[in-house]
There are 2 protein chains.
Amino acid sequence: MARDPAATRDRLVDAFAEIVVGSGARSATLEAVAAAAGVSKGGLLYHFGSKDALVDGLLERLRKLAAEDLEQMRTAPEGPAVYYVRTSATEGLQGDEVVDPLSRVIIATMRLAQEGDTRTVSAYAAINEAWRQLIEVQVGGDRVLARLVQCIGDGLWASSSMGIPTPDLDDVVARVQQLVESSRHGDGGA
Amino acid sequence: MARDPAATRDRLVDAFAEIVVGSGARSATLEAVAAAAGVSKGGLLYHFGSKDALVDGLLERLRKLAAEDLEQMRTAPEGPAVYYVRTSATEGLQGDEVVDPLSRVIIATMRLAQEGDTRTVSAYAAINEAWRQLIEVQVGGDRVLARLVQCIGDGLWASSSMGIPTPDLDDVVARVQQLVESSRHGDGGA
DNA sequence: GTCTATAGGGTGATAGAC
DNA sequence: GTCTATCACCCTATAGAC
């Protein structure tokens with residue numbers, strides 16, 4: 001069942017991310033990842049020579065998915081800011097599976113980052129920077145407002161990635177939209 | 001050197017938090033914690049019968065420090081909202097030491113939470129709730145604005161707890177102050 | 001209260017068969 | 001490409017000396 005190397009590598013990265021998100025980085029052992037992907041530990045280590053290499057595979061996936069998302073964000077009808085804030089509030093994890101592939105990979109990356117892996121931190125930082133720049137364009141170059149909006153998204157993300165829900169998400173999104181629009185019409189303050 | 005049980009327990013919890021923050025949860029082994037606190041592994045396990053008990057000790061410390069901080073936040077001259085946002089941006093960790101005791105314990109708790117520990121998540125959620133309620137009081141009961149402000153703080157926190165700096169923190173704080181003040185004078189929107 | 005020694009289980013990685 | 005052994009290491013926790 002599947003001798004295609006690329007497909008097997010993909011399955012392994014998927015399984016890795018899923019386990020890290022669902023059960024924590026500690027549970028994502030080579031054996032558990034391999035089993036979830038339907039191969040043996042030795043099979044995994046043929047494709048990824050070490051656990052570090054597996055992390056690299058995850059980061060590669062992250063960059064690819066993030067690039068796609070950046071395109072969606074750029075062309076989002078509601079605008080980048082609202083898109084960012086709304087998609088920052090994911091749902092149902094910690095045991096359950098996260099449906100959105102990018103969310104899953106980001107959460108996995110951040111969990112790994114908290115273990116002190118510098119590669120994961122800088123990979124995330126780069127993507128975060130790209131997102132903010134896109135928001136900044138929408139708000140007419142208002143650097144501070146852009147950061148404000150991004151922080152709101154990141155704050156929502158922090159809660160939801162721990163399984164803490166945000167009951168009034170729609171209201172928050174509406175308020176962000178207000179902020180962004182007021183930056184176009186009125187002044188800004190800075 | 002130190003036969004006072006309470007003092008030794010405190011040193012152990014301190015060392016535990018410090019290692020989790022500085023080197024990741026994985027590095028915080030019983031042996032490493034014991035060594036950092038100047039006792040042996042067996043000595044640690046006399047005071048805390050298991051690693052779970054050590055986590056409980058950390059959570060106890062968290063609640064105590066958080067209660068003190070809540071009092072500072074309530075009486076802060078700049079108001080709870082600005083206090084929250086400003087203190088959310090910590091500096092210099094991941095290898096270095098975090099100077100503020102509460103920040104250190106919170107970061108440690110959140111790292112542990114990401115390993116799937118439900119106790120840590122609910123402990124943090126309770127504290128987070130208390131902070132927001134205090135902000136809500138300041139903004140005259142505007143639930144959504146309170147959440148917005150808190151999200152901004154949490155977003156700053158997320159970055160800084162990964163070692164990513166926020167260059168324009170002062171501007172962000174100023175903008176938050178603006179938002180809070182406008183809720184007093186003008187309307188609010190919702 | 002604090003120590004050493006050790007049991008018992010799990011983890012990343014290698015070697016070599018198929 | 002994928003598997004099964006196997007190694008060396010590290011971790012939590014217990015037992016019992018001091």
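Treat the numbers as computed from the prediction; the structure is a model and nothing was measured. Numbered from 1 within each chain, the chains take letters A, B, ... in sequence-line order.
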Group every Ile, Leu, Val, Met, Phe, Trp and Tyr by side-chain heavy-atom contacts under 4.5 Å, then state whether A:L70 and A:I127 land in the same group. yes
Output the single nucleotide from C:dA13, C:dG1, D:dG1 whose closest atom is nearest the side chain of B:P5. C:dG1
Return the value, rounded to whole Å, for the distance between atom CZ of B:F48 and atom C1' of D:dT14. 19 Å
Taking the side chain of B:L45 as heavy atoms from C-beta outward, which of C:dG1, D:dG1, D:dT14 is closest to it? D:dT14
Counting only heavy atoms from other residues, nucleotides and ligands, does the tally under 6.0 Å from CZ of A:R86 exceed 12? no
Below 4.0 angstrom from OP1 or OP2 of D:dG1, is there any side-chain N or O of A:T8? no
Between A:S50 and C:dG12, does any side-chain N or O lie under 4.0 Å from OP1 or OP2? no
Whole angstrom is fine here: how far is it from CD1 in B:I19 over to C1' in D:dC11? 14 Å
Identify the pairs formed between an N or O of the protein and an N or O of nucleotides 4-9 of chain C at a distance under 3.5 Å, and give each distance.
none

Inspect the contact between A:R147 and B:D171 and indicate whether a charged nitrogen and a carboxylate oxygen are less than 4.0 angstrom apart. no
Nearest-Å distance for atom pair NZ/P, residues A:K51 and C:dT11: 9 Å
Give one of base, sugar-phosphate or nothing for B:L30, where a contact means two heavy atoms less than 4.0 Å apart. sugar-phosphate
Roughly, in whole Å, what's the span from CG in B:D52 to C1' in D:dA13? 12 Å
Rounded to whole angstrom units, what separation is found between the CG atom of B:D4 and the P atom of C:dG1? 9 Å
In whole Å, what is the span from the CD atom of B:E31 to the C1' atom of D:dT12? 11 Å
Of the listed nucleotides D:dC11, D:dC3, D:dA13, the one nearest the side chain of A:V39: D:dC3
Using the rule that two of Ile, Leu, Val, Met, Phe, Trp, Tyr join whenever any of their side-chain heavy atoms come within less than 4.5 Å, decide whether A:L30 and A:Y46 are in one cluster. no
Rounded to whole angstroms, how far apart are CZ on B:R9 and P on C:dT2? 12 Å
Are B:Y46 and C:dG1 close enough that a side-chain N or O sits under 4.0 Å from OP1 or OP2? yes
Write out all pairs satisfying side-chain hydrogen bond (donor to acceptor under 3.5 Å, both in side chains) with one or both partners inside residues 59-69 of chain A, taking only residues at least two apart or from two chains. A:D10-A:R61, A:D14-A:R61, A:D69-A:Y83, A:D69-A:W131
D:dC11 P sits how many Å from B:L44 CG, rounded? 14 Å
Do the side chains of B:L65 and B:P101 get nearer than 4.5 Å, heavy atoms only? yes
With nearest nucleotide decided by heavy atoms, which residue, A:G49 or A:S27, maps closer to the 5′ end of DNA chain C? A:S27
Does A:A25 offer a backbone N or O that forms a donor-acceptor pair with the side chain of A:R111 under 3.5 Å? no
